[in-house]
Structure formats: structure tokens, C-alpha cells
Amino acid sequence: GEHLLLAVGFGDPLDRQHLLAGGAALAEAEYDARNYAAAEAAADRGLAVNPNYVKAMIYKGRARMELARDKPDADWKGIRNWLSKANRLDTENAEPLMLFYQTFGQSGARPTQNAVDGLLYAVALVPQDNELRVNAVRQMLIEGRLKEARILFAPIAYQPHAPERFRESNAQVMAAIGAGDSKRAL
């Protein structure tokens, strides 16, 4: 990696950071444009410069998840390995934890306990992320863990500025949880 940087004029560590940031921005832009193969290639270029570049690992995982969609022979273990490695390098980043969990649903597999625990930790890291929180509530309801579901859903259910239609449906979900009816709450 270092010799390549010097050969192309990136000997200064600040230049290296710019190269990595540019590669991550390109991977993100390609991903957002739904050019998943190009997003993975951009992430690979970032990983060639720094094999421990977490953002590149995340975008590689994201791109490969999309490329694997509806493919029964997809390499889900390989995708999960990228996300696990990103998590090991940055244990306080919720994104690889969330994506790791999502790989199970996308592949049609039941999430492992490790994936569920990671999802719950991701909610603890980013409690303001309602989409992440709803995923955790849904998983708790599937598992029949109603007490945890109620605790996780309460901040959403009682948002004072939510539109009335959401307040009504949230109240119905909380009532179903309170009644012990996880199927109705789902």
C-alpha cells in the first residue's frame, strides 16, 4: 500500500487521508446511484490503500448485499465477514451491526443470537435512529420478548410531535404489546 501511494504521489499522510475519503465518497455515490458493482470496486480501491478502512468495508458489504439480492447461491458468509471485520475494528459504529443483522432477513435466514445482540447494541449506540429501533422492536416481538419490545418502542410510541395517524397506530401497537399479543403488535 505505502509504495503504491508514493508511486502515485501520495506520500504525505494527509494525501493518503484525502485518497481514502475520496474513495469512500465514490463508493457511497455509486451505491446511492444503485451502481453496486462500481460501489464495490470503489470500496476495493479504498481497501487496497488501507485494508482496515472501516467505511470501505461497510460499503463493500452494502454493495455485495445488493448484488446478492434474490440470488440463492450468494456468498452471505463472505458478506457477513466484511461487516464483522468492520465491527471488530470500530466497535462503536452501529452501521455494521445493523447491516450484519439485515443480511439474515435479506438472505431468508433466521438471525443468529449474535446478530440480534448486535442489533440491540446498535440501538444503544444510536437511540435516535427510529428505523433501527423499529427493527429491534420487531425482532423482540418475533421472539416473544414483549417487555423488551415495550421498552424499545416507548420512545417512538410517545413522540409528542408525531402526526396523529402515527400516534394512533403506535398506541394500538403498545396496547397489543401490553395485552401480550405480539402477532397483533407486528
Side-chain angles (χ1 to χ4, degrees), residues 20-21 23-25 27-28 30-32 34 36-37 39-40 42-44 46-47 50-159 170 173-174 176-177 180 182-183 185-186:
L20 290 171
E28 184 176 1
E30 293 290 7
Y31 180 86
D32 290 347
R34 299 176 193 245
Y36 303 121
E40 182 178 11
D44 284 339
L47 291 167
N50 179 355
N52 291 323
Y53 189 31
V54 171
K55 191 162 188 159
M57 289 177 195
I58 291 170
Y59 272 98
K60 183 171 182 72
R62 280 184 170 277
R64 290 188 68 196
M65 284 174 71
E66 292 302 326
L67 291 168
R69 196 176 287 281
D70 302 321
K71 292 187 180 162
D73 62 338
D75 180 17
W76 289 104
K77 183 178 179 183
I79 295 167
R80 290 183 189 115
N81 283 339
W82 281 109
L83 299 169
S84 293
K85 185 174 180 183
N87 173 246
R88 283 191 303 276
L89 290 168
D90 186 356
T91 59
E92 302 301 304
N93 187 337
E95 191 171 11
L97 295 168
M98 173 196 70
L99 292 169
F100 183 82
Y101 171 82
Q102 289 176 348
T103 65
F104 290 92
Q106 192 170 326
S107 68
R110 184 171 185 229
T112 62
Q113 188 60 52
N114 185 45
V116 173
D117 291 345
L119 175 67
L120 295 174
Y121 186 58
V123 173
L125 291 171
V126 191
Q128 69 277 15
D129 186 326
N130 285 342
E131 182 180 348
L132 186 61
R133 183 176 289 278
V134 167
N135 282 325
V137 170
R138 183 177 181 283
Q139 185 62 42
M140 294 300 96
L141 291 171
I142 289 168
E143 294 181 8
R145 295 166 61 181
L146 298 174
K147 181 179 178 183
E148 291 101 325
R150 178 187 270 291
I151 291 167
L152 285 166
F153 194 62
I156 295 172
Y158 302 118
Q159 287 181 353
N170 290 346
V173 170
M174 285 300 276
I177 293 171
S182 58
K183 287 187 177 125
L186 282 166

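Keep in mind that what you see is a predicted model, and the values were worked out from it rather than measured.
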[atom1]/[X] to [atom2]/[Y] distance, rounded to the nearest 0.5 angstrom?
X	Y	atom1	atom2	result
Glu131	Met98	CD	CE	7.0 Å
Lys60	Leu67	NZ	CG	9.5 Å
Gln106	Met65	CD	CE	4.5 Å
Met174	Ile156	CE	CD1	10.0 Å
Ile151	Glu148	CD1	CD	6.5 Å

Side chains of [X] and [Y] in contact at under 4.5 Å (non-hydrogen atoms):
X	Y	result
Trp76	Arg64	no
Val123	Asn135	no
Lys55	Glu28	yes
Ile58	Asn93	yes
Leu47	Trp82	yes
Pro111	Gln139	yes

Discussion item. One pair to check against side-chain contact (heavy atoms from CB on, under 4.5 Å): Leu119 and Leu132. What are the steps and the verdict?
Written reply: CA-CA 8 Å; Leu119 175 67; Leu132 186 61; 3.6 Å; yes

Where do [X] and [Y] come nearest, in terms of heavy atoms and distance?
X	Y	answer
Asn170	Ala157	CB-CA, 3.7 Å
Ala149	Leu141	CB-CD2, 3.7 Å
Arg138	Leu186	CG-CD2, 3.7 Å
Ala63	Ala39	CB-CB, 4.1 Å
Leu152	Arg133	O-NH1, 2.8 Å
Ala56	Ala43	O-CB, 3.3 Å

Item to complete: Could you go through the side-chain contact (heavy atoms from CB on, under 4.5 Å) check for Ile79 and Leu83 one step at a time?
Response: CA-CA 7 Å; Ile79 295 167; Leu83 299 169; 4.3 Å; yes

Discussion item. Take a 6.0 Å sphere around CD of Gln113 and say whether it holds more than 12 heavy atoms from other residues, nucleotides or ligands.
Written reply: yes

Worksheet item: Does CZ belonging to Arg150 count more than 12 external heavy atoms closer than 6.0 Å?
Response: yes

Fill in: Lys/Arg-Asp/Glu bridge criterion (N-O < 4.0 Å) met for Arg62, Glu95
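So Arg62 pairs with Glu95 through a salt bridge.
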
Practice prompt. Would you mind telling me which of Leu146, Ile177, Val116 makes a side chain to side chain contact (heavy atoms under 4.5 Å, CB included) with Met140?
Written response: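 Only one of Leu146, Ile177, Val116 forms a side chain to side chain contact (heavy atoms under 4.5 Å, CB included) with Met140, namely Val116.
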
Item to complete: Assess whether side-chain hydrogen bond (donor to acceptor under 3.5 Å, both in side chains) is satisfied between Ser107 and Arg80, documenting all intermediate values.
Response: CA-CA 11 Å; Ser107 68; Arg80 290 183 189 115; 3.1 Å; yes

Worksheet item: Do side-chain atoms of Arg110 reach the backbone of Phe104 as a donor and acceptor pair under 3.5 angstrom?
Response: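 Judged by distance alone, no pair lies under 3.5 Å.
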
Item to complete: For Thr91 and Arg88, indicate whether the former's side chain and the latter's backbone hold a donor-acceptor pair under 3.5 Å.
Response: no

Discussion item. Could you walk me through whether Leu97 and Leu125 satisfy the side-chain contact (heavy atoms from CB on, under 4.5 Å) test, starting with their C-alpha distance in whole Å, then the side-chain angles of each, then the deciding distance to 0.1 Å, before giving a yes or no?
Written reply: CA-CA 10 Å; Leu97 295 168; Leu125 291 171; 4.1 Å; yes

Worksheet item: Run the side-chain contact (heavy atoms from CB on, under 4.5 Å) check on Phe153 and Val173 step by step: do they pass?
Response: CA-CA 9 Å; Phe153 194 62; Val173 170; 3.6 Å; yes

